[in-house]
Amino acid sequence: MKGILIFLVVFGILVFVHEFGHFIVAKKCGILVREFSIGMGPKLFQVRRNPTTYTIRWLPLGGYVRLASKDDETTLASGMRVVLQLNQKNEVARIDASESDVPIEGIPVQITKFDLVDKLFISGYENGEEEKLVTYHVNHDATIIDQSNTELIIAPRDTQFQEANVWQKLATNIAGPLMNIILGFVVFLIWTFTVPGPATTEVAKVAPNSPAASAKLEPGSKITAINGHKITSFEQISEEIYQSKGQKINIAVDKENHQKVISVQPKVVKVQGQNVYQIGIRAKSDDSFNAKFKRGWDTAVSTTGMIFNAVGGLFRHFSLNKLSGPVGIYSQTSQVSKMGFTYILAFLAMISINLGIVNLIPIPGLDGGKFLLNIVEIIRGKPISENHEAIVELIGFGLLLVLIIAVTGNDIYRYFIK
């Protein structure tokens, strides 16, 4: 149960932050955001703050942002019965298309014609009187209550995503992945202050009966060189000990301005079936703000570079084992949850950066695919035709669906069957 809850929290944060990136940039660019949802599935709560409707839904799996677009027009239909509420100018201000048993107060109309995109009108028969055809002008900022009882602002053409200029569309498309990458950096900076500072080259403790103790290596000694190689970080110490393969190493140390060289023979221990060489020391940590901040930033940068390299390797040598979907993320989250809070933080940071970078891959269906279409539009000086864009998106969606099914099946096999 703990693993499931942590997975829901981690997955929810990743999706929410991604969608929040699209949301905040779209609003800054003047693109109408009709709905911003926290969670998925049936609606639990809604509140409208012009012009956006904010909803909370039952399933705690992230959320979504609903931009005004040609694909997201809340449609009416000829013959549908609605209730129209007028403003002081006799314009339609609210449309109740929910077919609820308790509609809003207004005029019942059976629709014959309508246009909520360009001409903004609704024609129909009032109160079912077929001899009384009326036409109402719809206010540009009118709202419509759909069959799920969610009240959204209508989407006139000038507010739709595709009517924005290419730079606004590009910024909106790329904002989600960038927010994930930024989240990864922020969480790594939080993580670095929850654990001891980075190890220094100064010895804090020597284990009893260890090779270091036998060689009289004392706490407070600063390791300056190993086998003649200058030492500036603890990582170098670990690397030199590993490279020794158990052979004696000469360690130059400095303690209170007294230098000496001692010989130490590392011992070998088995860790998860691998040979690990140790001399039995624990390094002093640097708990200063600057050291911890630098460690967090450097970890975020190196993780980003590592993931970019992994994505490049995926194109050079494709393998499903290099990919993970929700099933794989759940399995990994369950394992990490047993290791403690700091490991969960580091995992969240890594997965967030990974999600952001993968979403930048120029495949139709991902944000990177939309970004690529924006670049094509900039180069051509005009967008590609809607028909061609629809074909590209359809093909991309099909390929993405096949990939998702394959990755999910492979994850189930790897983590629960194999």
Side-chain angles (χ1 to χ4, degrees), residues 6-74 146 148 150-153 155 159-162 164 168-187 324-326 329-330 333 348-374 393 396-397 400-401 404:
I6 293 177
F7 166 73
L8 291 176
V9 171
V10 169
F11 192 78
I13 290 173
L14 294 177
V15 177
F16 174 81
V17 169
H18 182 94
E19 296 299 329
F20 183 75
H22 292 309
F23 165 74
I24 199 71
V25 174
K27 287 184 74 73
K28 290 291 184 181
C29 291
I31 299 168
L32 175 62
V33 180
R34 303 184 70 200
E35 180 184 1
F36 182 75
S37 173
I38 299 175
M40 307 288 282
K43 181 172 81 286
L44 177 64
F45 170 79
Q46 73 174 14
V47 61
R48 195 166 67 85
R49 295 287 182 268
N50 283 335
T52 303
T53 298
Y54 299 89
T55 57
I56 296 177
R57 298 181 179 271
W58 278 103
L59 297 177
L61 294 174
Y64 61 85
V65 60
R66 191 170 171 182
L67 303 180
S69 71
K70 64 180 185 297
D71 299 320
D72 187 44
E73 299 163 9
T74 302
D146 64 20
S148 68
T150 302
E151 186 169 4
L152 305 170
I153 194 168
T159 67
Q160 294 182 2
F161 177 78
Q162 62 269 20
Q168 292 170 330
K169 289 187 287 188
L170 185 150
T172 302
N173 285 330
I174 205 172
L178 287 183
M179 279 294 288
N180 280 125
I181 294 173
I182 291 170
L183 172 66
F185 272 68
V186 171
V187 174
S324 283
I329 294 174
Y330 164 72
T333 304
L348 171 61
M350 183 189 68
I351 290 294
S352 188
I353 294 174
N354 184 80
L355 178 64
I357 292 173
V358 168
N359 257 286
L360 289 174
I361 297 175
I363 298 175
L366 298 178
D367 290 318
K370 299 173 184 177
F371 176 74
L372 180 61
L373 292 178
N374 297 146
E393 289 182 352
F397 179 77
L400 197 60
L401 183 61
I404 290 172

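These figures come from a predicted structure and were not determined experimentally.
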**Q** Compare all side-chain heavy atoms of Val25 with those of Leu178 and state whether any distance is below 4.5 angstrom.
**A**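 A side-chain contact under 4.5 Å is absent here.
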**Q** Enter the distance from Leu44:CG to Leu59:CG here, rounded to the nearest 0.5 Å.
**A**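 Going from the CG atom of Leu44 to the CG atom of Leu59 covers 11.0 Å.
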**Q** Measure the CE-NE2 distance between Met179 and His22 for me, rounded to the nearest 0.5 Å.
**A**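 Rounded to the nearest 0.5 Å, the CE-NE2 separation comes out at 10.5 Å.
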**Q** Side chains of Pro362 and Lys370, heavy atoms from C-beta outward: is any pair under 4.5 Å?
**A**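 Counting from C-beta outward, Pro362 and Lys370 never come under 4.5 Å.
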**Q** So how far is it from Leu373 CG to Leu170 CG, rounded to the nearest 0.5 Å?
**A**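 The distance works out to 11.0 Å.
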**Q** Stepwise, does the side chain to side chain contact (heavy atoms under 4.5 Å, CB included) test hold for Phe185 with Ile353?
**A** CA-CA 8 Å; Phe185 272 68; Ile353 294 174; 4.2 Å; yes
**Q** Are the side chains of Arg66 and Leu152 in contact, using a 4.5 Å heavy-atom criterion?
**A**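 Side-chain contact under 4.5 Å: yes.
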**Q** Please give me the minimum heavy-atom distance between Gly356 and Pro177, naming the atom from each residue.
**A**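 In this case the closest contact between Gly356 and Pro177 is O-CB, 3.3 Å.
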**Q** Give me the atom names and distance for the closest heavy-atom approach of Ala155 to Gln160.
**A**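 Of all heavy-atom pairs spanning Ala155 and Gln160, the closest is O-NE2, 3.0 Å.
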**Q** On a heavy-atom basis, which atom in Ser37 and which in Arg57 lie closest, and how many Å separate them?
**A**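 It is OG-CD, 3.2 Å.
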**Q** Do Val47 and Ile56 make a side-chain contact, defined as non-hydrogen atoms from C-beta onward lying under 4.5 Å apart?
**A**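 A side-chain contact under 4.5 Å is absent here.
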**Q** Sequence neighbours left out, what passes ring pair (Phe, Tyr, Trp, His ring centres under 6.0 Å) with Phe16? Give chain and number order.
**A**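 If we apply the ring pair (Phe, Tyr, Trp, His ring centres under 6.0 Å) test to Phe16, skipping adjacent residues, the hits are Phe36.
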**Q** Could you please spell out the steps behind the side chain to side chain contact (heavy atoms under 4.5 Å, CB included) verdict for Ile153 and Thr53?
**A** CA-CA 8 Å; Ile153 194 168; Thr53 298; over 6 Å; no
**Q** About how many Å separate CG of Leu366 and CZ of Phe371, when rounded to the nearest 0.5 Å?
**A**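 The CZ atom of Phe371 sits 13.5 Å away from the CG atom of Leu366.
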**Q** State whether the side chain of Ser352 and the backbone N or O of Leu348 hold a donor-acceptor pair below 3.5 Å, judged by distance alone.
**A**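 Looks like no, no N/O pair under 3.5 Å.
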**Q** Tell me which one of Asn359, Asn374, Asp367 satisfies side chain to side chain donor-acceptor pair (under 3.5 Å) with Asn173.
**A**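 Going through Asn359, Asn374, Asp367 one by one, the side chain to side chain donor-acceptor pair (under 3.5 Å) with Asn173 is satisfied by Asn374 alone.
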**Q** Checking the side chain of Asn180 only, and the main-chain atoms of Leu14 only, is there a donor and an acceptor separated by less than 3.5 Å?
**A**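 Indeed, once roles are kept as given, a pair shorter than 3.5 Å links the two residues.
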**Q** Give me the one residue out of Thr172, Thr159, Leu67 that meets side-chain contact (heavy atoms from CB on, under 4.5 Å) with Val33.
**A**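 Only one option passes, and that is Leu67.
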**Q** Looking at Arg48, Gln46, Glu35, Lys43, which hits side chain to side chain donor-acceptor pair (under 3.5 Å) with Thr55?
**A**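 Of all the options given, the one that passes is Glu35.
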**Q** Of all heavy-atom pairs between Pro51 and Lys27, which one has the smallest distance, and what is that distance?
**A**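 Smallest heavy-atom distance, with atoms named: CD-NZ, 4.0 Å.
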